[in-house]
Undergrad: 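Here's a structure for you.
Residue numbers begin at 1 in each chain, while the letters A, B, ... track the order of the sequences.
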Amino acid sequence: MINENKKIELAQWLLDPDGQKALPKNLSLLEHRLKEEGLFEIYQDIELPLAPILDEMREIGVKVDLGYLEKLGKELGKELDGLVKEIYKLAGGEFNINSPKQLSGVLFAKLEIGSEGILKRKTGAFATDVETLTVLKDRHPIIKPILSYREIFKVKSTYVDPLRELADKNGRVHTTYVQTGTATGRLSSRDPNLQNIPIVGELGKKIRRAFAAGKGYSLAAFDYSQIELRVLATVSNDPTMIQAFKDDLDIHKLTASKVYNAPLEKVTSEMRSAAKTLNFGVSYGMGPQAFAKTSGLNVADAKKFIDEYYSDFAAVKKWQQDTIAAARKNGHVANLNGRKRWLPNINWPGRRYAAEAERAAINMPIQGLAADIIKIAMIRVAATLKKKKWSGEEARMLLTIHDELIFEIKDDILKEATPLIRSEMENAYKLAVPLRVDSAVGDNWAVI
DNA sequence: CGCATACGCGCC
DNA sequence: AAACGGCGCGTTTGCG
């Protein structure tokens with residue numbers, strides 16, 4: 001079921017998720033070290049039981065509609081052909097649009113589009129990323145077709161073509177979940193990565209539409225609502241945030257009301273949106289610069305809002321400061337389960353690497369506990385499916401995407417299975433606030 | 001030719 | 001120059 005080498009790999013990863021240290025290769029030595037570090041429980045109760053579940057998910061795979069993908073690929077190919085012709089015409093010649101270096105040359109040297117204020121890359125070429133190109137949109141007619149080309153080429157080359165390539169003869173795709181690939185405790189997914197399938201816009205929908213339930217089955221998605229903020233509320237013990245989740249309030253709206261000093265009923269959608277970015281960014285250690293960029297505020301105002309946020313949620317501020325202080329002292333941080341991340345740069349003499357390590361220090365306990373929670377949920381759900389004798393046939397766990405689980409469930413048990421899965425997820429871990437799971441059912445991934 | 005790097009970008 | 005945490009991957013480019 002799980003061999004010794006796999007156990008060794010898991011133990012070494014738990015002891016050193018960033019791969020910085022020389023570690024024993026002997027399992028009993030490693031297990032002894034796990035006990036010394038307080039890591040044996042997550043090894044025994046989370047990582048070991050999870051491994052065979054991930055293997056089974058790979059074996060089952062997720063069905064993709066190959067006929068549909070072929071048609072979509074052809075459509076996108078035609079659109080690309082048209083865009084390439086248009087771009088060459090506007091550029092006055094052919095070049096490799098996929099080469100940022102060549103593109104930079106065409107835009108800023110050949111076409112002489114003004115480059116004042118445009119960032120330079122370390123190679124000396126001007127940046128050509130979406131953000132830069134968007135600024136240039138009104139300066140030259142070539143920009144819009146380039147942006148369209150970029151978007152479509154990305155989707156075709158990263159998703160449509162590889163999914164067709166990697167599907168088996170039954171049209172199922174078998175991603176590998178990597179259990180030892182991250183520094184925080186999250187899983188990653190590769191060959192193909194099914195944790196970064198597009199979701200935004202029409203094109204996102206078109207890709208997700210390709211992931212379909214088998215005949216007689218439906219896809220069911222279950223996602224944790226704001227799991228990271230609930231973890232933050234718990235670890236920081238912030239009374240305002242805890243009460244908000246206990247009362248099932250709209251947390252972004254509440255934050256907006258606090259930082260704008262406005263009553264709840266006066267919160268506009270713009271205010272809520274800025275507050276959402278703030279809530280989101282705080283667990284990453286976002287500064288005024290980054291907040292200004294993503295919110296459209298100027299840096300001074302952005303700083304005011306961040307300061308206001310921290311005075312409204314003072315316990316969050318304190319927890320972050322305490323966590324950084326502890327990291328400096330110990331050289332590592334740990335989440336509530338004892339999962340650790342070592343931060344060798346936390347005491348770096350300059351700010352360059354120290355600041356980076358500080359942000360990692362305040363994020364890992366959040367991201368890493370959320371990761372533990374969904375792993376525990378997967379173990380519980382797998383046990384429930386087994387007990388109901390549904391595993392492998394009636395109900396299959398297919399995908400895990402950080403705060404979301406996706407299943408393929410036979411239609412005749414859907415009504416019974418859905419509340420069971422939700423309940424296992426919501427009761428997987430006891431936080432200071434309830435865990436909430438939203439769910440949706442459909443024929444394909446675009447509609448759930 | 002394979003491999004590493006730079007750049008860019010998809011997701012949570 | 002960058003300035004926000006965690007990933008995987010496609011293409012280009014330069015190097016051995």
Side-chain angles (χ1 to χ4, degrees), chain A residues 17-18 95-104 119-133 146-147 149-163 165-166 175-178 180-201 203-204 207-208 223-229 231-232 277-295 299 302-303 306 320 333 341 343 351-353 355-368 370-371 374 399-405 445:
Chain A
D18 282 281
F95 67 103
N96 188 340
I97 308 166
N98 293 325
S99 163
K101 189 181 169 191
Q102 292 184 36
L103 180 58
S104 170
L119 288 180
K120 275 199 174 181
R121 294 304 181 209
K122 62 176 73 171
T123 51
F126 288 107
T128 65
D129 60 319
V130 172
E131 203 190 327
T132 304
L133 293 183
I146 288 173
L147 284 168
Y149 172 89
R150 271 267 175 82
E151 186 185 2
I152 295 170
F153 189 88
K154 170 84 176 177
V155 164
K156 185 171 185 295
S157 65
T158 308
Y159 303 102
V160 179
D161 296 343
L163 283 173
E165 195 70 33
L166 290 168
T175 188
T176 299
Y177 288 104
V178 182
T180 56
T182 69
T184 57
R186 271 191 179 180
L187 298 167
S188 68
S189 156
R190 63 166 154 80
D191 306 315
N193 180 357
L194 295 183
Q195 292 181 325
N196 74 344
I197 299 300
I199 188 170
V200 172
L203 216 37
I207 296 295
R208 292 208 167 202
D223 66 288
Y224 280 111
S225 168
Q226 281 139 10
I227 190 169
E228 292 202 358
L229 278 179
V231 169
L232 177 61
T277 306
L278 204 46
N279 276 329
F280 186 64
V282 159
S283 51
Y284 300 157
M286 183 173 65
Q289 196 84 34
F291 181 49
K293 210 172 192 175
T294 42
S295 65
V299 178
K303 186 178 179 311
I306 292 174
Q320 292 187 334
V333 286
R341 180 178 186 182
L343 298 163
R351 291 301 296 156
R352 170 74 175 85
Y353 295 105
E356 207 176 290
E358 286 166 16
R359 291 192 295 269
I362 59 176
N363 182 251
M364 182 274 168
I366 312 291
Q367 192 183 113
I374 197 164
L399 302 175
T400 173
I401 313 168
H402 309 306
D403 63 354
E404 176 182 30
L405 298 176
W445 202 0

Undergrad: Looking at A:F95, I'd like to know if its CZ atom is crowded, meaning that more than 12 non-hydrogen atoms belonging to other residues, nucleotides or ligands lie closer than 6.0 Å.
TA: yes

Undergrad: C:dG5 P sits how many Å from A:Y284 OH, rounded?
TA: 10 Å

Undergrad: Anything under 3.5 Å between a donor and an acceptor, one on a side chain of residues 119-131 of chain A, the other on a protein residue two or more places apart or in another chain? List them.
TA:
residue, atom, partner, partner atom, Å
A:T128, OG1, A:R150, NH2, 3.0
A:D129, OD1, A:T132, OG1, 2.6

Undergrad: Tell me the interatomic distance from A:F95, atom CZ, to C:dT13, atom C1', rounded to whole angstroms.
TA: 17 Å

Undergrad: At a heavy-atom distance below 4.0 Å, which nucleotide of DNA chain B is the first touched by chain A, and which is the last?
TA: B:dA6 to B:dC12

Undergrad: How is A:I199 classified with respect to the nucleic acid when contacts are heavy atoms under 4.0 Å: base, sugar-phosphate, or nothing?
TA: sugar-phosphate

Undergrad: Students often mix this up, so state it plainly: with edges at 30° and 60°, are the rings of A:F280 and A:Y284 parallel, tilted or perpendicular?
TA: perpendicular

Undergrad: To the nearest angstrom, how far is A:L229 atom CG from C:dG5 atom P?
TA: 17 Å

Undergrad: Distance between the C1' atoms of B:dA4 and C:dG6, in whole angstroms?
TA: 23 Å

Undergrad: What is the nucleic acid contact for A:E404, judged by heavy atoms within less than 4.0 Å: base, sugar-phosphate only, or nothing?
TA: nothing

Undergrad: Can a side-chain donor-acceptor contact be found between A:T277 and A:T294 if the only test is distance below 3.5 angstrom?
TA: no

Undergrad: Please list every stem that involves DNA chain C, where a stem is a run of 3 or more consecutive Watson-Crick or G-U wobble pairs with both pairing distances under 3.5 Å.
TA: B:1-4 with C:13-16, B:6-12 with C:5-11

Undergrad: Work out how far the C1' atom of B:dG2 is from that of C:dT12, and round it to whole angstrom.
TA: 15 Å

Undergrad: Detail all sub-3.5 Å separations between protein N/O atoms and N/O atoms belonging to nucleotides 6-10 of chain C.
TA:
residue, atom, partner, partner atom, Å
C:dG6, OP1, A:R341, NH1, 2.7
C:dG6, OP1, A:R341, NH2, 2.8
C:dG6, O4', A:Q367, OE1, 3.3
C:dG6, O4', A:Q367, NE2, 3.1
C:dG6, N3, A:R186, NH1, 3.3
C:dC7, OP1, A:A183, N, 2.9
C:dG8, OP1, A:S188, OG, 2.7
C:dG8, O4', A:N193, ND2, 2.9
C:dC9, OP1, A:D191, N, 2.7
C:dC9, OP1, A:D191, OD1, 3.4

Undergrad: In whole angstrom, what separates A:L343's CG from C:dG5's C1'?
TA: 12 Å

Undergrad: Identify all pairs in which a protein N or O lies below 3.5 Å from an N or O of nucleotides 14-16 of chain C, and state each distance.
TA:
residue, atom, partner, partner atom, Å
C:dG14, OP1, A:K101, NZ, 3.0

Undergrad: Checking A:R186 against A:E228 for the salt bridge (charged side-chain N to carboxylate O under 4.0 Å, His left out) test, could you report, in this order, the C-alpha distance in whole Å, the side-chain angles of both residues, the deciding distance, and whether it holds?
TA: CA-CA 13 Å; A:R186 271 191 179 180; A:E228 292 202 358; 3.7 Å; yes

Undergrad: Look at all strands and tell whether A:V200 reaches a base, only sugar-phosphate, or nothing, counting heavy atoms closer than 4.0 Å.
TA: sugar-phosphate

Undergrad: Quick one: label A:R352 by what it contacts on the DNA or RNA (base, sugar-phosphate, nothing), any heavy atom closer than 4.0 Å.
TA: nothing

Undergrad: Using atom C1' of each nucleotide, how far apart are B:dG10 and C:dA2 to the nearest Å?
TA: 22 Å

Undergrad: Between A:I366 (CD1) and C:dC4 (C1'), how many Å, whole number?
TA: 14 Å

Undergrad: Ion pair present between A:K156 and A:E151, side-chain N to carboxylate O less than 4.0 angstrom?
TA: no

Undergrad: Of the residues in residues 120-130 of chain A, which ones touch DNA chain B at a heavy-atom distance under 4.0 Å?
TA: A:R121, A:K122, A:T123, A:A127, A:T128, A:D129, A:V130

